[in-house]
Every structure is written in C-alpha cells, then in structure tokens.
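What follows is a short report on a single structure.
Counting convention: from 1, in listed order, for ligands and their atoms alike.
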Amino acid sequence: MKSGRSFIVIEGIDGSGKTVQSKKLVRWLNKTGFKSCYTKEPTNGSIGRILKKMAKMANVDVRVEALLFAADRLDHLNRVVLPSLQKGYIVVSDRYVYSSLAYQSVTTNDPEWVAEINKFAYKPDLAILLDVKPSIGLSRIKKYRVRFEEEEFLEKVREKYLEIAVKDGLKIVDASRSIEEVFQEIIQVVENFLRID
Ligand code: TYD
C-alpha cells in the first residue's frame, strides 16, 4: 500500500460534475493502491442538516447562511477530514472553503468578511476547480428552462472562482467536456501531485 495522507478538494459551480468526478477519483485512487475516502460539504452532520433546512426557507439572512457554512466546515474538519488524514487516507472533498469564498462572497458582497470567518480552514494539499459555463452546468442538472437570475448568479460565482484559482493556485480543469475526458485530466493532475511513475 502506497502512503497517501493528502487532502484533495474538488470545486466548481453547480452542474460542473464535482460529485461524479470526486467519486470516480476515490475509486481510482483505491484501485491504484491508495487508501482514499469521499466526503462532501455541506455535510450530513447536525449543522449541515440545519443548513439544508434553512435553504428551503424564504428570507434567510445571507450572513447567517455564510456563518452556518463556516460552522459546518469546522465540524467537517474535526469530525471527518482530520481523523481520516490521521488514519493515512487521501481525503477527497466535494467542495470546501473555496465554495464559501466564491458563493458567499457573491451573496454577501463582502469577501473580506467571508475570508475572516473561514480563517480556520487551512489550505488543502491539492485543489482542483472544474470550470464550466453556467449555461452548460445548469443544463446538466435542470430539465426545465433555466431561470435567467440563476445563470447570472452562477456567472458571478464562476468569475470569483477563477479569480481565487489564480490567487490561491487551484488547478483549473475545463469541465465542459465529457465525463471521461475531464476525468483523464483530473488523473493527470493528481498523478503529478502524487508523483506516481
Ligand atoms: P451541493 O454541492 O449542490 O450539495 P448537495 O448535493 O448536497 O445539494 O451544494 C448545495 C449548494 O450549497 C450549492 O448551490 C452551493 C452551495 N454552497 C455554498 O454556497 N457555500 C458553501 O460553502 C458550500 C459548501 C456550498
């Protein structure tokens, strides 16, 4: 068994394929001889469940939401990520702090504050941004006609993600291609990172 112990995060707007790709990556890592596990944010823990309940309510303060995403993240780190890393796993997280830095910076219009409340979230070992146009992302998850405001919102989130990727060194992968093509590029990035020959 090769030793892993790395924290890899997969980011991107809704419909970018994060969940499919993260799960494929975990299967591939396990087949390659690493110990790897899949996890996600928002979590299914107690704070994550409150978050999801609130998401269905109208008029939720965007700052309350931002604080809950941050609290859920700290809970996720303590309860899942750190214990798994300590056991030697390569932890693959479907969303992490960059989701808040992108989405909540747009909803609150206060990126400094969002960064401040997420200060505890240390840098992952590798972060991959699955970049796709919102029109393509939304067409993958919605059968009905996409609401214009939603596309416009995700356009702002995408811009924020790209800005963060340049600043924080996220690897950008073009996610407009087929699942298999995108996955091959993700494997290349991960192999490079793990330095597998
Ligand atoms: P998503 O990954 O779609 O989770 P699920 O499959 O459980 O619904 O995330 C749900 C939404 O939450 C998505 O639109 C992005 C948003 N989100 C944030 O705005 N900030 C965050 O920090 C996180 C983790 C998610």
With nothing but distance in play, are any N or O atoms of [X] less than 3.5 Å from an N or O of ligand 1?
X	value
Lys18	no
Gln104	yes
Tyr96	no

Heavy-atom nearest neighbour in the protein, as seen from [atom], with distance rounded to 0.1 Å:
atom	answer
atom 13 (C) of ligand 1	Asp14 OD2, 3.3 Å
atom 5 (P) of ligand 1	Lys40 NZ, 3.6 Å
atom 21 (C) of ligand 1	Phe69 CD2, 3.3 Å

Shortest non-hydrogen separation from Lys133 to Arg158 and the atoms involved: CG-NH1, 3.4 Å
Sub-4.0 Å heavy-atom approach of Glu65 to ligand 1: no
N-O pairing of Glu185 and Arg177 below 4.0 Å: yes
Lys156 and Glu159 ion-paired at < 4.0 Å: no
From the candidates Glu11, Arg73, Arg95, the one that places a heavy atom nearest atom 1 (P) of ligand 1: Arg95
Any protein heavy atom < 4.0 Å from atom 11 (C) of ligand 1: no
Heavy-atom protein neighbour under 4.0 angstrom from atom 8 (O) of ligand 1: no
Tell me whether [X] contacts the main-chain N or O of [Y] through its side chain, where contact means a donor paired with an acceptor under 3.5 Å.
X	Y	answer
Asp125	Phe7	yes
Lys171	Ala165	no
Arg140	Gly15	yes

Side chain to side chain donor-acceptor pair (under 3.5 Å) pairs, two or more places apart, involving residues 65-75: Glu41-Arg73, Thr43-Asp72, Arg73-Ser100, Arg73-Asn118, Asp75-Arg79
Glu41: numbered ligand 1 atoms lying under 4.0 Å from its heavy atoms: 24 (C)
Atom indices of ligand 1 within 4.0 angstrom of Ser100 heavy atoms, with elements: 21 (C), 22 (O)
Test salt bridge (charged side-chain N to carboxylate O under 4.0 Å, His left out) applied to Lys24 - qualifying residues, sequence neighbours left out: Glu180
